[in-house]
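A short worksheet on the structure shown next.
In the text below, chain A, chain B and the rest are named by the order of the sequence lines, each starting its count at 1.
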Amino acid sequence: MTFNKELPKAYNSQDYEDQIYQKWEESGLFNPEVCVAQGICQKNAETYTIVLPPPNITDKLHLGHGVMIAIEDILIRYYRMNGYRTLWIPGTDHAAIATQNVVEKKLLKEENKTRHDLGREKFLEKVWEFVRNTQSTILQQIRKSGASLDWSREAFTLDDQRQKAVRRMFVEMYQEGVIYQGYRLVNWCPRCQSTLSDDEVDHQETSAKFYTFQYSKDFPFAISTTRPETKLGDTAVAVNPKDKRYQKYIGQQFDLDFCGVTLHLKIIGDPQVDMKLGTGALGVTPAHSMIDYEMAMKNKLEIVKVINEEGRIEDGMGNFSGLSVLVARQRIVDQLRDSELLINEEDINNNLSICYRCDTAIEPLPSKQWFVSVDKKLKRLNGKSLKEAAIDVAKKQKVKFTPDRFYKRYIDWMENLHDWCISRQIWFGHQLPVWYKGDEVWVPKKDTELVLTRHALTDWNQKGIIQGKTDVPLDELGIEDLKSKLNIFKEQGFDLIICSPLMRARQTAEIINEELGVPIIIEDLLKERNYGVFEGRKVADIKKAFPEYYQDKINYKVEQAETYQDLSVRVKNFLDKVIKEHSDKKILVISHHAMVRTFQMVMNGETDNQKLSDYKLPFGEVASYHILDDKYDLSDWQQDTDSLDTWFSSGMWTFSTLGWPDKTADLKNYHPTQMLETGYEIITLWVSRMIMMTLFAMKEIPFEDVYLHGMVLDKDGKKMSKSKGNGIDPFDIISKYGADAMRLSLVIGSTPGNDTRLSEDKIAAFRNFTNKLWNIARYILSSIDFDKASEEIDPKSCSLSDGWILDKMSELITNTRKNIEEYKFSLAGEQMRDFTWNDLADWYVEVSKFEKTNKDAILLMILKDLLKLWHPYMPFVTETIWQEIDSNSMLMVEQYPDSKVYDKLVKKAKLQTADFDLVKNIITAIRNIRAEYQIKPAQKIKVILHAGKKAELLKAQSEIIKNLFTRIDILEIEVSGDKPGQAAMAAVQGVEIIVPLAELIDIAKEKDRISKRIDELQKLAKGIDAKLGNDAFKKNAPAAIITKENEKLAAYLDEAERLKKQSENLK
RNA sequence: GGGCGUAUAGCUCAGAUGGUUAGAGUGCUACAUUGACAUUGUAGAGGUCCCAGGUUCAAUUCCUGGUACGCCCACCA
């Protein structure tokens, strides 16, 4: 049987990628549970988990994301093919402040409005619209890259489950005293109207004036500053205690008038003060300088706030109040000059703090904010603080860094870490779970989650009959339908089920509980509405008979029936009972149509009866509600309007994506994860926080390995950015060259932690390679006989070339496995490429064209295993080819190749595979002679080999030597013999190659060529000779090196000797 | 100011616990071309391994110092 499909000549990625991805995704095999169910991996197989660092939804993906996806997908596919229960979790990051800023800028540009013009609710609508947009683009882009992510577990840092997790984290940290509210100096951006954490502050070199002046004539000496306006809030003057000029003043108190504002200044000594800078005396402004604030804390100084949140001077500052900072500065300088207090003005370069989002100058100012303490000792961390615990796990190598130099950076950063300000005055993000009522502050301790669902279908439901108290059991269809939907309830970490007493609900509960195995509580309050006279009648009939009922379901009194008001009382009673008896649990509530919709109304604080019809929960769906402490009605309370720093929620990513705080199966199975792969620029921002937060919440590490990739720069080594217009859009690349080519170009030729430059030429080169692989497959598939190829390989019939390629393949498999496991992705890729192109295509496939042993089985085996090896790197082209070979299976879940299969064959074939290298070298040497002597391609040549011991071996390989682009018509292989005078000669590993050339060569030129080569050899020989003549060398160098040097010397001299003779023979 | 990284072919980058005639891809040059592939084949040219010292029998590799570029952190009152 031959392969009867003709593949297209060139691999056009666009024709295949989307449909291949669809096939993978539809198979469900990105999900490890599906793999287990299909027997692809063992139920108790080791797990391998990576969480995808969630891209910010501020913008579409860039090439940095491309690197991240490529590397992670390589690992995931590799481990999946090796039988691990492999999980890769997708998601996106809401990036609170960044996203809000993007939308604000857009709003300003398009509608000339600020967020305050719109108001919180309207503005957030805009943000969400933007989020949905970019989010879907990003998720599409990730698919386009070929990422084998388990989409059934997709998460968003701001979705319901993550909100719950964040709330729980905040509450736990608050209870432990890790989170606290404090009046502290913070970085304030007057434009964003928000605090910024230290790492959200950028620095910019600016020119500034450095003023030296006296506060007043009453003050004994001068100070220097770049910010005279802040001096209105000075409460001390600091000098170096060693400074002889000022020592005597330390401890004294001065009350004076500074430009119309009264200051009370204490003179303090502080060794931090630089005696040489300015006058050596420093005005201390605790409210607006970090260093001054520290001094104020040490010396218990008063804090006077001068600048407000708008960047203007506070009230009570004489005639400066209300002025902007810059205007106030000018006024003060003018006034000082007028009163002859200004001594000096100097131009200096100043490093200005600016907002990393909007470049506005930062005002440090005191403000009431929420903080995470990194120094508080915690019982749950065995008395260590977050900082200490996070340092500890790195030092103990529980978390390892690749490359390891980032370990140092991590430790340095952690050791200098200060408390983390987590509140941001922005609207988009996780609102702080803090509520106020008057002076009361409430941080809820308990979070009871009620997941509502309806019972499965009964016969009456199917027929549209109103069913209240009548105890109709589930029918077969209903049971079947429910069983198909059980995955909705599975692995959610429910603590218990509370269920209506009616049979249909109890049956539903029992079926669901077969998966969950939790207690079931029967609750009378959850039974269906008493429908009175409606009971047992068809809905269609009722609609006809009681049209008024459908006008106003709430108020219409059905005879003998409960009203919706009655139901809402029942719901409230139920809620009270739950809070009392089952608070802080995750509860599955199984009830009925009318009850469930009433429940939803109550939980949403809805009183408008007209909205009843908005509340409907279809069969097989769930609605989730939270009760915080004992309050399901929060209308009296006002929630804090601030949002959390975005890193708070992304710091929880490794466990929040697995379902924490619910006790899910995912958490048990997949945490801690195996590795985190991300860019080195966020090691401090993100990696460190993940480690701290995971230690706090889980008391374990988030991941075992951290792999840090470098940045992708443009071909000139510049950062790619939109404003520079030098960015390469990964998705232009994919449509032009294919996702495989892009992945290769990002992975091969770059090493961990180092930036790489990328140009389109490089990508094109890898596109060429995908095409090469395609054509290798195309040739093999069209030339082999499938019946023969399916026969077992008989080692005894293997030729020298067969043994050689099998040996090479074995080596390749071993190396590739090792390199991937050691994160040497580039090296693994290079070796695979070298094998594919240089060994397989250029030699073995060429040999197979005329060597008449049965190579079909070997070619097919190597092709299939090569596709497997390449699959993690280039999933699309390899799967496409695989589908051509066998469309009933999927390469993605094939077993990764095993080198032992090849080793066994080679061993049994008993071939000296190194001998094939000799043949190769001889062929190359002959080609070389043809090129060097410019022998026309059409011209056939005679070649004589003086082969010594290898004569017999080479005779057996003579077909290969004659046919591999050497164009030989006569090949004579002898042990030794005479050399013709006019001939081109070369030697390879002791075999002399003689090509008689008769009149073809220019003797003078040839002699010249030979003598140049002899010179070269003599130089080499001389070097070694000197070395060998050196006693110190002989004494100190290892014996192996000395032997090697001797061998080299002999070879050089040998070749030189031979060339000399050859030259003499030329006439 | 402190710390880290990088410097190897025209370009992009590998490399070795110190001993190689220092590698790959791309680019360049020459030749070839209907039978898997011009997204190809064959061959070739191309390197003071940034500089200066040191250690060593031996340094492109290790150490010290310098230069250039990049990054991180701190701070500039």
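The phosphate of B/rC13 has OP1 or OP2 within less than 4.0 Å of a side-chain N or O from A/Arg757. When the side-chain nitrogen and oxygen atoms of A/Arg927 are compared with OP1 and OP2 of B/rA43, one or more of them lie within a distance under 4.0 Å. Residue A/Thr751 has a polar side-chain atom (N or O) positioned under 4.0 Å from OP1 or OP2 of B/rA14. Between A/Asn12 and B/rU39 there is no side-chain N or O to OP1 or OP2 distance below 4.0 Å. Phosphate contact (OP1/OP2 of B/rG2, side-chain N/O of A/Lys408, threshold under 4.0 Å): absent. Applying the 4.0 Å criterion to OP1 and OP2 of B/rA36, one finds that A/Ser782 has every side-chain N and O outside that range. Applying the 4.0 Å criterion to OP1 and OP2 of B/rU26, one finds that A/Lys762 has every side-chain N and O outside that range.
Test A/Phe769, A/Trp774, A/Tyr737 against A/Tyr11 for ring-ring contact (aromatic ring centres under 6.0 Å, His included) and you get one pass: A/Trp774.
If you check every strand for non-hydrogen atoms under 4.0 Å, A/Arg1013 touches a base. Across all strands, A/Tyr11 comes closer than 4.0 Å to no nucleic acid atom at all (heavy-atom distances). Note on A/Arg227: nothing from the nucleic acid sits closer than 4.0 angstrom, heavy atoms only. In this structure, A/Lys936 reaches neither bases nor backbone, as no heavy-atom distance under 4.0 Å exists between it and the strands shown.
Residue pairs satisfying the side chain to side chain donor-acceptor pair (under 3.5 Å) criterion with at least one member in residues 919-928 of chain A, sequence neighbours excluded, are listed as follows: A/Asn921-A/Gln989.
Judged by distance alone with a 3.5 Å cut-off, no donor-acceptor contact links the side chain of A/Lys1035 to the base of B/rC57. Between the side chain of A/Lys849 and the base of B/rA36, a donor-acceptor pair under 3.5 Å is found.
Taking the P atom of each, B/rG25 and B/rC62 are spaced 26 Å apart, rounded to whole Å. Nucleotides B/rA16 and B/rC49 place their C1' atoms 12 Å apart, quoted to the nearest Å.
Residues A/Thr770 and A/Asp740 have side chains that never bring a donor and an acceptor to within less than 3.5 angstrom of each other.
Atoms OG1 and CZ, from A/Thr279 and A/Phe213 in turn, are 9.5 Å apart once rounded to the nearest 0.5 Å.
Note: A/Phe825 and A/Tyr707 meet the aromatic proximity criterion, with ring centroids under 6.0 Å apart.
Using a 4.0 Å cut-off on heavy atoms, the residues of residues 834-848 of chain A that approach RNA chain B are A/Trp837, A/Ala841, A/Asp842, A/Val845, A/Glu846, listed by number.
Atom CD1 in A/Ile1042 sits roughly 15 Å away from atom P in B/rG19 (whole-Å rounding).
Anti is the conformation of B/rU61, whose glycosidic angle sits further than 90° from 0.
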